[in-house]
Each structure stands twice: as structure tokens, then as C-alpha cells.
K.L.:
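Below are the C-alpha cells for one structure; questions will follow.
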Amino acid sequence: MTLGFPFEQTTTPLSDEERAAILADPGFGRYFTDHMASAGWTPAAGWHNSRVGPLQPFSLHPSAAVLHYAQEIFEGLKAYRHADDSVWLFRPELNARRFARSATRLALPELPEEAFVQSVEELVKADEAWVPAYGGEQSLYLRPFMFASEPFLGVRPAAHVTYSVVASPAGPYFSSGVTGVTLWVSNTYTRAAVGGMGAAKTGGNYAGGLVAQLEAQEHGCDQVLYLDGAEHRWLEESGTMNLCLITSDGELITPGLGTILEGVTRGSVLQLVTEHGLTPVERRVSIDELRAGCRDGSITEVFAVGTAAVITPIVGFKGDGYEAVVGDRQPGKITLAVREHILDLQYGRVPDSRGWLRRVG
Ligand code: COI
């Protein structure tokens, strides 16, 4: 089913000079393009009022349910400019599917996958000039989201829901992205439990992670590494990224699904690593196994994967009373090769034999 996202052009776009100044150093999540996609939903009308129009603030009643009960979901994906100036999305249908699963978990209405992809495509077309030039590691980060906009303080699924997509030119998520980051293994905080919302991409999971991120920073680490909620033993994810370990006997191990986010980059890496001579394995990994493996050299590389962070080498981690170094504290060779591989695919430098790219402009 397609909704159609007719385009209404803004009358107040940023000038070419203003846009160029932003694109010269976009950072992450700081600047937004001239337009946004949006649609509304009610039980009676279904999805309606879908369009791409000028970027503008929402007008929300102070009792809007999202502000009180956090009934909200979101996605993250990127548009990449290739050397011939064309613009492409990477596996947007996977984001659309995950968005639908997140919606179900948060008792929000499902947006048809085709409508999700169309809204993203129409916004990228409208703001194509904002897709950074080919040549660096910049892209246009796209943020689809859906929230309970009904003014109502009772606790039940909202009967008025808003969907929107905004776009933000983006450089690397971590300024130290390729040199490697360190993780704090929190014993205080967990991210999810069986039956909880861990697999959904919902704001509450990120809000709950902020204090854990502060704890990580207090211990001199860049990000938190969560253990499972039941035994405080099994690696989960880092809050904004999935985790991968490489072993000396050629396995790429990543924690299995259930309470973690099913990352698009995670899934893509699991398929690509066979071309790097690795066997992909999804299984539980304990913190003891990680510590022992880093000590005895049977775990040679660790990295984190995510849309925003792409592939980020993990060079060390710390927990209560211990500190561990991965390899020689430098980004691993295979990590960097897999990173190049996925970037080469996204930027069109190698053939897209799996059909993962979708042309937008
Ligand atoms: C992404 O990688 O797209 C994410 O959702 C991480 C984000 C919270 C910065």
C-alpha cells in the first residue's frame, strides 16, 4: 500500500552558501534540511495527510501522550552520494520492517513498509542538495519516527499518532571513530529484560541508557557495554551499537537476538564476513569469555556496528575492578577491512551483488 507523499516546497530554504557552510562540517545530528515528511493516524481515518513539506516545529498539547508515557519509536538510515553524483539508500526495507515491529511492541499503528520507504525517498529527493558530496564519509542521516500525539492522560494506546521523517547531514558519529573507542561494562545498569522492549527502537531505551553513558564517561570510557538483565553475565549491546568479536580461529561472533536491537549493519556484516574468511556465529558470549579471550589472545578484535557509527573498533574495556585491552589496543586489521567493505558498498565503489542499494536520485 502506498500513501503518497506529495511535495510542498518551503518558501524559506537556506541559501546555497548557508547549506555549503553546514556541509563543510556537519558533525552528527546538529543541522536539519529544509523539509520533513509527515502523516497522521487515527483509528477512524487510518493514515492520512501524508506529505513532504517545509521543516517546521510540531504544535503539541501539553498532555500529548508521548510527553508522559513515551509511546514513541524511531529509525536511523542514511542516503549516500556516489562518485557519479547519484544518491542511494542502503537496505531501507529492513528499517521499514523493524519500524513495523517496533510499532507493534509500542502499541502504535503499523505504517506500511512501502509508505515508510516512500516517505524517506520523497524527502531525500526534495532535499537532494543536502546529501554531502562523494569523497569523504559523510551522508544524509534520515530519522523516521512515530509518536503518540493525542492529548490524553489515560494510560492506553493513543488514538492520534504522528509519523515524521527529518534529515540531517552527518559526518562520523564518534570523533575517534576509526582510532577506536573504549567501553564501560556496567554492573549498575541493564538495558533490557526478556519480555521488555530491548528489540524495539524506542526512545525509552535510549533515555534509560543516558545515565549508563554518564557512568561510562566517569570511568573514562566512550560508551557503555550492557550485560543481560537476568544474570549480569551475557554481552548484550552497547546502547547505540551491536557488538562483534573476532576469534583467532576465524569466527565472527555476535550476541544472538532477543533483547537487543536487530541492527541492519549487524545483519549485513554477518553476511559480508564470509568474504573475509570468517565464519559468522550468533550466540551468547559471557563477559568472562570476553575477558579471558582478550587476555589469552583467542579474541583478537572487537568492534561495534550501527548505522550512525558504521563499524567502530573497540580497543579496550573496563568494569568494576578490571581493565582489558583488545589486541594491541589498535583497531584490528579485519575490523578495518570489513569497515572499508561496507563503506565501499554503501558508496558504490564495489558491485552491489546482493541488491542492497536503492537508487533515489
Ligand atoms: C543509529 O545508528 O542509527 C542509531 O539509531 C544510533 C543513534 C541513536 C545515534
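Everything numeric in this text was worked out from a predicted model, so none of it was measured. The residues of the chain are indexed from 1 along the displayed sequence. Whatever order the structure lists them in is the order used to number ligands and atoms, beginning at 1.
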K.L.:
Would you say ligand 1 has an N or O under 3.5 Å from any N or O of K201?
P.N.:
yes
K.L.:
Which residue supplies the protein heavy atom nearest to atom 2 (O) of ligand 1, what is that atom called, and how far is it?
P.N.:
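The answer is A308 N, 2.7 Å.
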K.L.:
Could you list which atoms of ligand 1 come closer than 4.0 Å to a heavy atom of G76?
P.N.:
3 (O)
K.L.:
Considering non-hydrogen atoms of the protein only, which is the closest contact for atom 7 (C) of ligand 1, and what is the distance?
P.N.:
R143 NH2, 3.8 Å
K.L.:
Let's go through R283 and E289 carefully: what are the C-alpha distance in whole Å and the side-chain angles of both, what is the deciding distance for salt bridge (charged side-chain N to carboxylate O under 4.0 Å, His left out) to 0.1 Å, and is it a yes or a no?
P.N.:
CA-CA 12 Å; R283 68 160 169 85; E289 179 182 353; 2.8 Å; yes
K.L.:
Under a plain distance cut-off of 3.5 Å, with no hydrogens placed, do T202 and R105 share a side-chain donor-acceptor pair?
P.N.:
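Absent: no donor and acceptor within the cut-off.
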K.L.:
Between W47 and W41, how do the two ring planes meet: parallel, tilted or perpendicular, split at 30° and 60°?
P.N.:
tilted
K.L.:
Going by the atom numbers of ligand 1, which of them fall below 4.0 Å from some non-hydrogen atom of T307?
P.N.:
1 (C), 2 (O), 3 (O)
K.L.:
Give the residue, atom name and distance (to 0.1 Å) of the protein heavy atom nearest atom 8 (C) of ligand 1.
P.N.:
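Going atom by atom, the protein heavy atom closest to atom 8 (C) of ligand 1 ends up being Y206 CE2, 3.5 Å.
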K.L.:
Given the rule that I, L, V, M, F, W and Y join up when any side-chain heavy atoms are under 4.5 Å apart, are F7 and L14 in one cluster?
P.N.:
yes
K.L.:
Going by heavy atoms in the side chains, are L111 and L3 under 4.5 Å from each other?
P.N.:
yes
K.L.:
For atom 9 (C) of ligand 1, which protein heavy atom lies nearest, and how many Å away is it?
P.N.:
Y173 CE1, 3.5 Å
K.L.:
Indicate, with yes or no, if W184 and L214 share a hydrophobic cluster defined by side-chain heavy-atom contacts under 4.5 Å among Ile, Leu, Val, Met, Phe, Trp and Tyr.
P.N.:
no
K.L.:
How close does the nearest protein non-hydrogen atom get to atom 3 (O) of ligand 1, and which residue and atom is it?
P.N.:
Y141 OH, 2.6 Å
